[in-house]
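Quantities reported herein were computed from a predicted structural model and do not represent experimental measurements.
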Amino acid sequence: MSEAITTDVVIIGAGPVGLFAVFELGLLDLKCHVVDILDRPGGQCTELYPEKPIYDIPGHPVVGAQELIDKLMEQIRPFGPTFHFAQQVEQLERLAEGGFRLVTDAGTEFFAKVVVIAAGGGSFQPKRPPVPGIEAFEATSVFYSVRKMESFAGHDVVIVGGGDSALDWTLNLQPVARRLTLVHRRDDFRGAPHSVEQMRRLVGEGAIDLVIGQVTELAGTDGTLASLTVKKSDGSTVAVAATRMLPFFGLTMKLGPIAGWGLHLHENLIPVDTEKFETSEPGIFAIGDINTYPGKLKLILSGFHEGALMAQAAKRLVDPGKRIVFQYTTSSTALQKKLGVH
Amino acid sequence: MPKITFVPYRQEEIVVEAEIGATVMETAVRNGVPGIEAECGGACACATCHVWVDPAWYEKVGAPQPMEEDMLDFAWDVRATSRLSCQMKVTEALDGLVVEIPERQA
């Protein structure tokens, strides 16, 4: 484990609301570290609908989702936030001396005075294909990512999906697998044309098998997969030998470890007050889609407002007793200095 | 207003009046039809508003666009008349439409 990071604030989630919180906290001189399970900023905006136009951001009659994220990144640059991507905060504990200790699944450790949960719909996790009993084979025979290629060597590998992940791993694992079968619902792939071409060539050479259909059943004992059943579009079924299965069904959002941090939850959302947007645990705030309160609207714009009010409360916790002078960015030379424009 | 019949899994069918121009997904959510999750809010980005269009209606509804077809890869038990309800807009011509909701949304 590398050396622990001490900071004012840890923000969980680098979506639009988490990013703008860096700005509001930065104006109040609070330093932020931002953690996100994805490998880049933007959250749902980037992962789900980067090309989609958004029409309800004040001052922008229309803005693309990715464009909004790019602009937010530019807007918060003066405050120098540190990002920790591709990791998830797993542990959060309150320290007797005040503040919190957080640890991510990558082993990054933080000591923070304030925690801001801006996790949106939760963390993005690989989608589990709805095949009955698949849970029993997870982590032994069914994997959602490839950490070590060797662990697939000599196995009957079945890859399910039609996107880039499915195709890339088909091409990469073919040489090490005993036999590799690619299963996809239709004979049309959305991955890069070049990968599709290479895959088709391997099928043509007989180096891999391609089965068009949907996996409906898994067979095996004690978590060890032996074969699976694929239902074809004409209703017939075919059995495929499988000791390793790699389903690539995209990502879904799950609340994840947040559920275990002792916060009050209501239908997988975190209730907060509307003065500070603080959770049931003092010093832990929740803003954006992840929170709930009477009248809550899941709008990016609401999350921005919540971040501004949260920042005031966070400042009081980090610097107790210090008077907060309310200032405007239009006129305050102090704020303009922080923004690097004065 | 056109009427749409939703047939949730192992539950009684629900007939609702649909606003022209709204999506079938929005119509379902507004009327509290169970089984339509619509996690992404209608961005064609999640495949959790999957329905099976009644075969008698499929031709009128039409086949999915390529982007929707891609997203259907992530749905469960995709059939010949599968559609994502967020990508189907209500028109007069769809008065009487019947859609079945799968047991689960992936």
### chain B contacts, top residue of A/M253, A/R128, A/H184, A/Q44 (heavy-atom pairs, under 4.5 Å)
A/H184
### Query
Of the non-hydrogen atoms in A/K127 and B/F74, which two are nearest, and what is the gap between them?
NZ-CB, 3.7 Å
### Salt-bridge contact B/D77-A/R185 (side-chain N to carboxylate O under 4.0 Å)
no
## Note on the structure
Nearest heavy-atom approach of A/Q214 to B/V78 is NE2-O, 2.7 Å
### Message
Less than 4.5 Å to any heavy atom of chain B: does that hold for the side chain of A/F189, its backbone, both, or neither?
### Response
neither
### Task
Evaluate whether atom CD of B/E103 has more than 12 neighbouring non-hydrogen atoms of other residues, nucleotides or ligands under 6.0 angstrom away.
yes
### Proximity breakdown for A/K231 and chain B, heavy-atom pairs closer than 4.5 Å
side chain
### Task
Please check if atom CD in B/E13 has more than 12 non-hydrogen atoms from other residues, nucleotides or ligands closer than 6.0 Å.
no
### Task
Could you tell me which non-hydrogen atom of B/C40 sits nearest to which non-hydrogen atom of A/L48, and how far apart they are?
CB-CD1, 4.2 Å
### Task
Would you mind checking which part of B/E69 comes under 4.5 Å of any heavy atom in chain A, side chain (CB onward), backbone (N, CA, C, O), both or neither?
both
